[in-house]
Amino acid sequence: MIKENLDRIQQELTGTNARLVAVTKTHPVEVLQAAYDAGARIFGENRVQEMAAKQPALPADVEWHLIGHLQTNKVKYIAPFVHTIQSIDSLKLLLEIEKQAAKADRVIEGLLQFQIADEETKTGLSLPEAEEILRSAEFQALRHVRLTGVMGVATNTPDQDQLRREFRQLRGYFDKLKSLYFAEEPTFREVSMGMSSDYGLALREGSTLIRVGSAIFGSR
Ligand SMILES: *Cc1c(COP(=O)(O)O)cnc(C)c1O
């Protein structure tokens, strides 16, 4: 089933600019290997320890994306291998990523996570908070973190109009930041939005990274 599901989703991505992040949280390494064998190369995990435990068991060309909240004291466990941290929500976290990436002699990519859902529990930055970070001298001095775009988790709702509004809001944040702070940087290009239940809509609203778990691997 994993292969059929991956093939179906890849089919839906042809003709778009978007790529698939296969969200493998809670699944054992055998399942990740099956997804790899079926062509998946970008894996999303939401917990540091779980990702660090799985990484050595998978081929080296996997792109590991952290998609869950990251505490600064845990950056060191993933800095040697993580490709993209999608959940950057503070300058403090950026500075710690810089420090650990420098130690590992690497550049780590990152997305600024925005609060777009109407649920109190969902974390993320507001636009003014993000702009304050981007304007700071500390941010401009970073050499081992490269911001490549934005990420958001929409409200868990079947309401298509609400989801469309939230995706458009995130896309709007991306466009604004791109024109004001990253106009000369082609690597700032990612809008990570859309999950199993809403990735079709997210693609129509300009997603470049869909994060899909249960539609590939079944319910957790
Ligand atoms: C779990 C998770 C997903 C994938 O959710 P599915 O509904 O299983 O596709 C996407 N993004 C984040 C941030 C997640 O935590």
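Here the structure is a predicted model, which is why all the values come from computation and not from measurement. Both counts, for ligands and for their atoms, begin at 1 and track the order of listing.
Using bins of under 30°, 30° to 60° and over 60° for the plane-to-plane angle, the ring pair F182/F188 lands in the parallel bin. Between Y173 and F114, the ring planes are tilted. Angles from 30° to 60° get that label.
Any N or O atom pair closer than 3.5 Å counts here, and I67 shares no such pair with ligand 1.
Looking only at heavy atoms of the protein, atom 6 (P) of ligand 1 is closest to S196 OG, 3.4 Å.
Salt-bridge formation is detected for the pair K54/E45: a Lys NZ or Arg NE/NH1/NH2 atom is positioned less than 4.0 Å from an Asp or Glu carboxylate oxygen. Ion pairing of K178 with D175 is absent here, as no side-chain N (NZ or NE/NH1/NH2) approaches a carboxylate O to less than 4.0 Å.
Neither the backbone nor the side chain of Q86 has any atom closer than 4.0 Å to an atom of ligand 1 (non-hydrogen atoms only).
With respect to T84, the side chain to side chain contact (heavy atoms under 4.5 Å, CB included) criterion is satisfied by exactly one of R146, H65, E190: H65.
Near V212, meaning under 4.0 Å from any of its heavy atoms, are these atoms of ligand 1: 9 (O). Residue G213 has at least one heavy-atom neighbour below 4.0 Å for each of these atoms of ligand 1: 4 (C), 6 (P), 8 (O), 9 (O).
With distances taken over non-hydrogen atoms, the option nearest atom 2 (C) of ligand 1 out of M195, R211, K25 is K25.
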